[in-house]
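Data first, discussion second: the structure below is written as structure tokens.
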Amino acid sequence: MSGSSAAGEDIVQHLSSNSNPSSSKLAKLEARMAGKAAPVPSPPPPHHLVVPSAPATTFMDQEELPESSSSDDDNGEEFLIQKNILKRPRSPDGDHGLAVGNFEGSANEAVKHSEVMDTRPSIDISNRKKQGRGRGRGGAGRGRGSKTVDQTRATSTSSAVVANGRHDILTNMESRSSAVLGNDDKAALQEELSLLRGKVAILEEELSKSRQESTEYRQLSDRLAKELKDLKEQDQQKKSKQLKVLSDLLIAVSKAERQEARIRIKQESFRLGNVGVMRAGTVISETWEDGQAIKDLNSHLKSLLETKETIERHRKSLKKRQSDKGDGSDAETSMSEEDVLLQDEICKSRLTSIKREEEQYLRERDRYELEKGRLIREMKRLRDEDGSRFNNFQILHNRYALLNLLGKGGFSEVYKAFDLVEYKYVACKLHGLNAQWSEEKKQSYIRHAIREYNIHKTLVHPNIVRLWDIFEIDHNTFCTVLEYCSGTTNLFSQRPSKFL
Ligand SMILES: Nc1ncnc2c1ncn2[C@@H]1O[C@H](COP(=O)(O)OP(=O)(O)OP(=O)(O)O)[C@@H](O)[C@H]1O
């Protein structure tokens, strides 16, 4: 306590000795406050009058008093009460209260707590003014944020007063004394302060709203992210389901096609012919046996040929009879010339019709031969398909669903396939290297295939199949993916195949 009162005296001395313009005002105000304490309107004694009962309180109020005290002399007390009422609603700040409380305790124990609270704006203002002076005019040209920061700084300055003791208090008081400004400035600052408080309250409200909104948005975004993830998973599941359904369908269709192809082969074999096994001693060989339709056709042709020969023979005999009649050797049995001519005409016309019929049969036989050739190729295809290691509807490269065999080349098998990414039919050419080949031969084959691939992929022409892709299947097999040419699998398709 003694330390605190000493501090109060120091403050007073300091204020008394302060030579800046505000100190004269301060003295004036002190005088006025002294008058308030003792209603006798005698001029207040200079320095020592500050010492009595409530100098600190007076001093605190002095800061908040209007600068032109001469006009307020009459109602100074009323003004002070008003000030207290105005400032009381402010929310108490522990740091401020503590800082000022220490000071006031040292100056006057009788100062009430409410008055201590009243002093806070003064500290705020003095700090603000001090800071304002340091950087130019306080609120002018600075944003809300900086004002709020100013307030914070003021608070921290007050805290520093407590922390650093007497010297800090003096410094603070010094700054406050130098911060005594005119009425207008003070009123403006008050106004600004209340404005800022209002703004701070609004900002705090907005901030809490924003925080709440941000929490809501974060929750919403989390929920949306989860929903998105679920949707993606669902989408993925749906896609894999779709692919499964699609490949199942494709497989079912391919199986049906395979079955249909075999049934048709049987029917056509009966009509056009089949491969039979011939055994000659120990040697077993395959021979072609014509089908019923070709057999019938051949027998028709044979009978036509026989008929033709008969007619030809008859014509010859007619001509012979005619020549015999001219010799007179067999006059009674000989036919009249007219009859011979008539018979010859009949033979000629029959021969012409037989020739026409024969030509028709021959054309039909050519057609049968063509069908027979296709049948033989289809039979070979089915046999190759049955013997292929890729005939079990594999999915290559996670993309190409192998279906039915289209054909077999020198070193390759070509499968019809469905591209599960591009959703289109393609032809997968599976190049198989002979396992018996030397490594050198294999490398040579691969080199040639890659060269072919590099040339082929650059070719774009309506009459050239496009080459889409190439990938390795295993050490001895790789695949090139080609544009699919339809019509190659349908054995009896009306459309001519470019491969036939
Ligand atoms: N793009 C395609 N679309 C439909 N079918 C095809 C396609 N490519 C090939 N084929 C079928 O595969 C069969 C064999 O193919 P290709 O003629 O290319 O083999 P190759 O050239 O003899 O083989 P290799 O290159 O191994 O010597 C053809 O006869 C044809 O039926």
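The chain is numbered in sequence order, starting from 1. First listed ligand is number 1; within each ligand, the first listed atom is number 1. Computed from a prediction, not measured in an experiment: that's the story for all the values here.
- Taking only non-hydrogen atoms, the option from Cys428, Ala427, Gly407 nearest to atom 2 (C) of ligand 1 is Ala427.
- Minimum heavy-atom separation, Leu482 to Val465: CD2-CG2, 4.4 Å.
- Between His397 and Phe471, the ring-plane angle classifies as parallel under the 30° and 60° cut-offs.
- Applying the ring-ring contact (aromatic ring centres under 6.0 Å, His included) rule to Tyr415 yields no partners; only residues at least two apart in sequence or on another chain are considered.
- Sequence neighbours left out, the pairs with a member in residues 462-484 that pass salt bridge (charged side-chain N to carboxylate O under 4.0 Å, His left out) are Arg389-Asp474.
- Where the criterion is an N or O separation shorter than 3.5 Å, residue side chain and backbone included, Ser412 meets it with respect to ligand 1.
- Polar contact with ligand 1: present for Glu483 (N/O pair, distance under 3.5 Å).
- Contact annotation: for Leu406 versus ligand 1, heavy atoms closer than 4.0 Å belong to both the backbone and the side chain.
- In terms of N/O distances under 3.5 Å, ligand 1 is approached by Phe411.
- When the options Lys429, His448, Lys416 are ranked by their closest heavy atom to atom 21 (O) of ligand 1, first place goes to Lys429.
- Using cut-offs of 30° and 60° on the angle between ring planes, the pair Phe411 and Tyr445 is perpendicular.
- Every atom of ligand 1 is numbered from 1 in the order shown, and the set under 4.0 Å from a heavy atom of Cys485 is 3 (N), 4 (C).
- Closest non-hydrogen pair, Leu420 versus Ile395, comes out as CD1-CD1, 4.0 Å.
- Heavy-atom contacts of Gly409 reach the following atoms of ligand 1: 14 (C), 19 (O), 20 (P), 22 (O), 23 (O) (cutoff under 4.0 Å).
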